[in-house]
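Take a look at the structure below.
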Amino acid sequence: MASSAQSPHFYLNPGKSNSFQSKAYKQRNVNFYWNFGIRRLFLRKSQGLSVLSSSSSSTHFSNSQLHGLCANGKLEEAMKLLNSMQELRVAVDEDVFVALVRLCEWKRAQEEGSKVYSIALSSMSSLGVELGNAFLAMFVRFGNLVDAWYVFGKMSERNLFSWNVLVGGYAKQGYFDEAMCLYHRMLWVGGVKPDVYTFPCVLRTCGGIPDLARGKEVHVHVVRYGYELDIDVVNALITMYVKCGDVKSARLLFDRMPRRDIISWNAMISGYFENGMCHEGLELFFAMRGLSVDPDLMTLTSVISACELLGDRRLGRDIHAYVITTGFAVDISVCNSLTQMYLNAGSWREAEKLFSRMERKDIVSWTTMISGYEYNFLPDKAIDTYRMMDQDSVKPDEITVAAVLSACATLGDLDTGVELHKLAIKARLISYVIVANNLINMYSKCKCIDKALDIFHNIPRKNVISWTSIIAGLRLNNRCFEALIFLRQMKMTLQPNAITLTAALAACARIGALMCGKEIHAHVLRTGVGLDDFLPNALLDMYVRCGRMNTAWSQFNSQKKDVTSWNILLTGYSERGQGSMVVELFDRMVKSRVRPDEITFISLLCGCSKSQMVRQGLMYFSKMEDYGVTPNLKHYACVVDLLGRAGELQEAHKFIQKMPVTPDPAVWGALLNACRIHHKIDLGELSAQHIFELDKKSVGYYILLCNLYADCGKWREVAKVRRMMKENGLTVDAGCSWVEVKGKVHAFLSDDKYHPQTKEINTVLEGFYEKMSEVGLTKSSESSSMDETEISRDEIFCGHSERKAIAFGLINTVPGMPIWVTKNLSMCENCHDTVKFISKTVRREISVRDAEHFHHFKDGECSCGD
Ligand SMILES: [Zn+2]
Ligand SMILES: [Zn+2]
């Protein structure tokens, strides 16, 4: 507040009076001097003396000429003259220097200013008040506090202006302690009394730290020196109090003011808003209107942003109507604030109306609208608006580009994303880290992780968001191993935040990196980062997915339990096929008054389905509405799975036909999967037909169909499906398994021949195969019918990588230790049998989490019951 009084450039003529000289007055003064000089020149000439012959007259002439140039704003010529005067060793008068310095300040000519400074320093032993002040003001204006400080020290004498300028300069640049220190020296060492210009600067300092105790001290000075009625000083006091959070004292001052200006009102109103007291602020605003005080732009924009904070739609509309009556509705910044307010409250249609009616739109208007659409989950509209902006030939800035990229990421719109990438390079916006971060996010979500890595490596100053984006991106693209390496690298320079850690925990969960997950847990406990946020659930999820149910339970018991926490546990037990546990947990959840949501019912139905609890599952499905959850397609798919797995295929088919909504590929996929389990080719083919009408790109359905054919021995059909996949350009991810040994995660690819322990691993596996065939467990011995296609099918769809991981675990851990393996594809039957056999032979517990299930092998049995 009272900003006009704080700026040093208003002290044009300190020491004489507080009112600064008008420009015209200065001009007259100079003209007088100039004319005087000319007249004297004529006089001399008429006396028959050459100008150059008299050194004193030439000095005077040059000085007045230089002064004249300064008065007329001719800096370049003035500098030339100064140079030639230097060469001719003509002394420059102090007041001429002053004029020149002020011209440099006015023209923001830093280089020239420094030159004048060095000339002045070399020709004078100490600086007089007026010249010193001119230099001070100039250096402060240029933000050069070092030279300002030096000038201050060089001055033989200082006045109030000198102190004011320097205190103001420090305060303006955020050196609050230094400014405060200087103020104290001024009072106690310099013995200078502060004035109306000093207080606003010093009070700004107290507000900026913020330091209420010092602010109160300065308040005492204000009273002592008799400035408590000065409106600018009181405004500054109010601002200081609200910045220090003492709204009460501010209001007391405000109420006692005999006279208030708009700055007083704004200070108090926005003070309330800044302290989160939106209602009080609005009340004062209405009081102001009641007193017929006209608000200004500042009042309105702060009131609008308060409405935005409150999210009160009706109030927002009222303010909008009021703004129209004030005539400020044509102001572009007011319109932008209103648009932002509507968008934040979710009233994007209102914002749209306002936006379309704006006569003039600046880059802020466009960007507000684009990011507002993004915020309201309307990425399509965000991109459309960007296109409109482009047609309007408005150049996007870094914020616009970031917002549009975010929309592209949500939509998976790679084409537009690439277009923006090119534009960002051309318009040199790529150097903004916010643009680069959003590019990483966009490329990651569009599955171009290598592009994202490229961008990441080229960011010169990576921030937490850059690292978080790439870690989340790697996880999203199933490169969890690398994601964790990046986390380690990041920690060397930056502290990860809650979002980084959540992404990293998800990566741990994916590959079963328990030790790394525990490290993150320890970090979280140590730093407390995100503990009252979503991190506890991320930790819980990591433990559940790493199969450590005991640790998961202690995590669950120690944290706040929301619906997500319960869902994580429910999903965990559901994946393990422990239907009765899922049902029990569900009952406990309901009893503890946590409202189940859509995901709860998906887990519940899946749990029932895997444990063949058909009646119970159907019962829960029919009761969903009682819990306020409307069944969606996912729940329908669960019911199809429930019926289908239990062999009630016709029922399942009928259920699909009677669905009130059009079934999607997932619903048919559930039936196809059931047909695969029960070897029902006709119905399976029918399901596949429905699926491929809607979705040709999802690999999973082709794999299901292949498996159905293969299990029924229809090899020609298997080959046909494989061809379809090829034609559609679909490939199965390379098989990969991870095993954690001594806290370090090791990855095994299906066709990995380069692992240093490959030889040992193969020897161990061969040993098991031999023993299996001895007891007649190997399929290959019994089936000459076993077609090569089947072998290659298993190799592609399973990859058998978990066998290598298990063998590696056996070699590198002590006997009796359980082995935990995570795998990206589903286990084939063959692998499942092999691992059963291994667990029995070596008497070890082996856990394998594949793409679908959690298998816990013990004594030749698996928890999944297959
Ligand atoms: Zn396999
Ligand atoms: Zn199993």
Side-chain angles (χ1 to χ4, degrees), residues 512 545-547 549 571-579 581 606-607 609-612 641 645 673 676-677 699-700 703-704 706-708 710-711 718 722 732-739 747-752 761-762 764-766 768-769 772-773 777-783 786-810 818-842 844-866:
R545 287 173 157 275
C546 287
M549 290 318 276
T571 312
Y573 282 107
S574 163
E575 271 183 5
R576 279 169 179 70
Q578 299 188 27
M581 185 66 185
C606 277
S609 168
K610 286 200 180 150
S611 302
Q612 313 251 331
D641 187 65
R645 263 181 210 271
N673 187 40
R676 175 191 65 87
I677 296 168
V699 181
I703 297 178
L704 276 179
C706 265
N707 283 336
L708 166 63
D711 290 346
V718 171
R722 294 277 304 279
V732 182
D733 282 348
C736 188
S737 290
W738 298 272
V739 63
F748 293 86
L749 290 167
S750 300
D751 54 356
D752 191 354
I761 290 168
N762 286 339
V764 169
L765 287 175
E766 290 301 333
F768 287 125
Y769 300 154
M772 279 173 85
S773 67
L777 268 171
T778 318
K779 264 194 178 172
S780 53
S781 61
E782 66 179 312
S783 58
M786 175 99 166
D787 201 288
E788 255 184 35
T789 325
E790 173 159 13
I791 298 166
S792 79
R793 170 197 66 154
D794 281 350
E795 232 150 55
I796 289 166
F797 297 160
C798 166
H800 319 316
S801 55
E802 69 273 39
R803 301 186 192 189
K804 290 185 196 168
I806 291 169
F808 178 83
L810 289 173
I819 290 170
W820 301 82
V821 172
T822 311
K823 146 162 223 220
N824 66 337
L825 304 174
S826 288
M827 277 182 104
C828 73
E829 214 182 311
N830 217 318
C831 283
H832 201 260
D833 289 341
T834 309
V835 182
K836 271 188 195 171
F837 180 80
I838 296 175
S839 76
K840 193 175 177 183
T841 315
V842 299
R844 290 233 213 173
E845 290 179 35
I846 300 172
S847 299
V848 180
R849 202 192 74 220
D850 70 7
E852 281 174 78
H853 301 273
F854 201 98
H855 306 271
H856 183 77
F857 298 92
K858 196 179 171 186
D859 296 328
E861 296 291 324
C862 179
S863 61
C864 74
D866 276 354

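Whatever order the structure lists them in is the order used to number ligands and atoms, beginning at 1.
- Counting only distance, with no hydrogens or angles, the side chain of Ser737 and the backbone of Ala805 share no donor-acceptor pair below 3.5 Å.
- Between the ND1 atom of His800 and the SG atom of Cys828, the angle taken at the Zn ion (ligand 1) works out to 110° after rounding to 10°.
- With hydrogens and angles disregarded, no donor-acceptor distance shorter than 3.5 Å links the side chain of Lys858 to the backbone of Ser847.
- Counted by atom type alone, Glu845 and His856 present one or more donor-acceptor pairs between their side chains at under 3.5 Å.
- Ring geometry for Phe748 against Phe808 counts as tilted: the plane angle lies between 30° and 60°, on a 0 to 90° scale.
- Taking distances strictly below 2.8 Å, the protein N/O/S atoms close to the Zn ion (ligand 2) are His832 NE2, His855 ND1, Cys862 SG, Cys864 SG.
- An angle of 110° is found at the Zn ion (ligand 1) between Cys831 atom SG and Cys798 atom SG, rounded to 10°.
- At distances below 3.5 Å, at least one donor-acceptor pair connects side-chain atoms of Asn824 with backbone N or O atoms of Cys736.
- A cation-pi arrangement is absent between Arg849 and Phe854 under the rule of less than 6.0 angstrom and at most 45 degrees off the ring axis.
- Ser801 places no side-chain N or O within 3.5 Å of a backbone atom of Ser750 that could act as its donor or acceptor partner.
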